[in-house]
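Notes follow once the structure below has been shown.
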Amino acid sequence: MTAGYGSGDGRPAGAEPDDASGSTAGRPGPLPPRIEPQPGSTWSTPPSGGTDPARLVPAPRPERPVPPNTGQWGPPPTQFGGAGHHGPGAPTAAPGPAAYPTAAPGPGAYPTAAPGFPGVAGYPPPGPAGTAPSTTAGYPGGPAHWPASPPADRPTRRRWPAVLATVAVVVLAAVAGLQAYQLDRLGDRLTDTDRRLAQAQDGDLARLDGLDKRAETLEKQAGAAFNPEAVASAVLPSVFRVRAGEFTGTAFAVGKPASGGGTNLFTNFHVVEAVWDGGGREVFLERTSQRFPATIVKVDKTNDVAHLRASGKFSGLVTAPAAAKSGQQIVVVGAPLGLEDSVTTGVVSALRPAQGGSGPAIQFDAPINPGNSGGPVINGSKEVVGIATAKARNAEGIGLAVPIKVACDGFKIC
């Protein structure tokens, strides 16, 4: 296409605009690249003179190509930091003739882009004042340059470490406070537990004291309770069968050991009467196939009591400090008809005073037979209360015993 350059060019049709003989006044350089108008668009009317709106802008000649995307005057001005370089550190060109020239309005000038001129693809259209891109005046399609925006303020240093430290301190303080509160409550609970434990221990001690006292009472009651088995077990080792000549009876050790050694024993006078009257003094104690010699020391014919002494040492029985009472349960131990270690039980029937030249007597209902004479009568406390002496003839359940106090007072060995 060889369209003309417009009515303001002043050259004949078909002449080369940049001929060597031609003048270049008012033409600073090569023509801008050809821009095809968009369909339906028209050129705006220049303010004075200029080209016809119906005519299109001619394309540049092939032998003078325009550098791509650089505009009519080459690289963009250096006051914006140069092509592709923006920022405060870019060099700035000094003002003066080196700046891009601006075509003066007149017959030979190119028309400026009208407000309706289409924009170049890839560049936004002009906007409000202060935000529109900068273009070369009077040349549509020139490169757009945005003014360098001032650098944003440098973000302040993050304060997360300080915040985290503060939060950690608060959490630790809360945890410490909670632990202190829990320790305080634990101390209170421990104090209350100690108090209740002390009260429980006091109550237990009181109950134990009560149980001890009750146990003592029960022991006394148990001791007072009649137990023939226990009585017999405690008494039998101190009871012997006495053989005096042709007669047999029973004897028992009593009191402490004799002063010259040996053991003191009690029996009835009528058991050793034949030996004593015959001038003899020796008798024999028999127990479990064992035989021990004994001597008749002294006799009391009135109360029917004889004092024996053996050379061997035997455990003596304890005598009761008080007299027997009616209804008291007793155990009688002896060798009836020569049968040693025989035990019978009964109660004290009555206390009989001395009559007809005989001393007082204890009446009991425990069965006795010949051979029981001289045997001990024991109460529930394992104490000797009397010496079995006789039984009523032609009657059952009537036995007699010499009170132990009478024997002890007469011989002084208890």
Side-chain angles (χ1 to χ4, degrees), residues 227-244 247-273 275-276 280-300 303-322 324 330-336 338-345 362 366 368 371-389 401-414:
N227 188 349
E229 181 181 0
V231 173
S233 299
V235 171
L236 285 175
S238 300
V239 180
F240 302 88
R241 180 175 59 193
V242 178
R243 186 173 298 277
F247 297 92
T248 61
T250 304
F252 62 91
V254 64
K256 297 178 181 180
S259 57
T263 304
N264 293 315
L265 299 97
F266 277 135
T267 189
N268 285 138
F269 171 70
H270 72 264
V271 173
V272 297
E273 182 177 4
V275 176
W276 178 266
R281 298 290 184 270
E282 186 178 27
V283 295
F284 294 95
L285 305 176
E286 297 175 349
R287 178 174 178 74
T288 61
S289 70
Q290 291 180 327
R291 193 171 188 180
F292 307 97
T295 301
I296 303 172
V297 179
K298 188 179 178 179
V299 298
D300 182 357
N303 294 307
D304 195 15
V305 180
H307 171 206
L308 307 178
R309 180 176 294 167
S311 59
K313 294 182 179 180
F314 307 104
S315 298
L317 299 178
V318 179
T319 59
I330 58 171
V331 174
V332 179
V333 182
L339 302 173
E340 61 181 353
D341 295 339
S342 296
V343 178
T344 59
T345 63
I362 300 174
I368 60 173
N372 278 114
S373 296
V377 178
I378 311 296
N379 62 17
S381 299
K382 305 174 185 177
E383 298 172 341
V384 180
V385 296
I387 302 172
T389 300
V402 177
I404 192 64
K405 188 176 185 306
V406 173
C408 289
D409 291 344
F411 295 95
K412 307 296 180 184
I413 60 175
C414 298

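Every heavy atom of this structure was used, including side-chain atoms; hydrogens, water molecules and symmetry mates were not. Quick note: residue numbers are just sequence positions, from 1. On a predicted model such as this, the values are computed, not experimentally measured, just so you know.
Nearest heavy atom pair, residue Thr345 against residue Pro228, reads CG2-CB, 3.8 Å. In terms of heavy-atom proximity, Ile404 sits nearest to Ala320 at CG2-O, 4.3 Å. Residue Arg241 comes nearest to Gly338 through the heavy atom pair NH1-O, 2.7 Å, listed as atom of the first residue, atom of the second, then distance.
At least one donor-acceptor pair closer than 3.5 Å links the side chain of Thr263 to the backbone N or O of Phe314. When atom types are taken as modelled, the side chain of Asp304 and the backbone of His270 share a donor-acceptor pair closer than 3.5 angstrom. Checked by atom type and distance alone, the side chain of Thr389 pairs as donor or acceptor with a backbone atom of Ile387 at under 3.5 Å.
Residues Arg281 and Trp276 are in side-chain contact: their nearest non-hydrogen atoms beyond the backbone lie under 4.5 Å apart. Inter-residue side-chain proximity for Arg287 and Leu236 is flagged as met; some heavy-atom pair is nearer than 4.5 Å. Contact of the Val305 side chain with the Phe266 side chain is registered, since non-hydrogen atoms from C-beta on lie closer than 4.5 Å. Counting heavy atoms from C-beta outward, Ile378 and Val384 have side chains that approach closer than 4.5 Å. The closest side-chain heavy-atom distance from Val275 to Glu282 is not below 4.5 Å.
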Candidate pair Val377 and Ile362, rule side chain to side chain contact (heavy atoms under 4.5 Å, CB included), full reasoning: CA-CA 10 Å; Val377 178; Ile362 300 174; over 6 Å; no

- Audit row: Val242, Leu285, side chain to side chain contact (heavy atoms under 4.5 Å, CB included) steps and yes/no: CA-CA 5 Å; Val242 178; Leu285 305 176; 3.9 Å; yes

Next on the checklist: Could you go through Leu308 and Thr267, starting from their C-alpha distance and side-chain angles, then the distance that decides it, and tell me whether this counts as side chain to side chain contact (heavy atoms under 4.5 Å, CB included)?
Outcome noted: CA-CA 8 Å; Leu308 307 178; Thr267 189; 3.8 Å; yes

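One finds the NZ atom of Lys382 at 8.0 Å from the OG atom of Ser233 (value rounded to the nearest 0.5 Å).
By the 6.0 Å contact criterion, CZ on Phe247 is open, its count of non-hydrogen atoms from other residues, nucleotides or ligands being 12 or less.
Partners of Lys405 under the salt bridge (charged side-chain N to carboxylate O under 4.0 Å, His left out) rule, at least two apart in sequence or in another chain, are Asp409.
Residue pairs meeting the side-chain hydrogen bond (donor to acceptor under 3.5 Å, both in side chains) criterion with at least one partner in residues 313-322, sequence neighbours excluded, do not occur; the list is empty.
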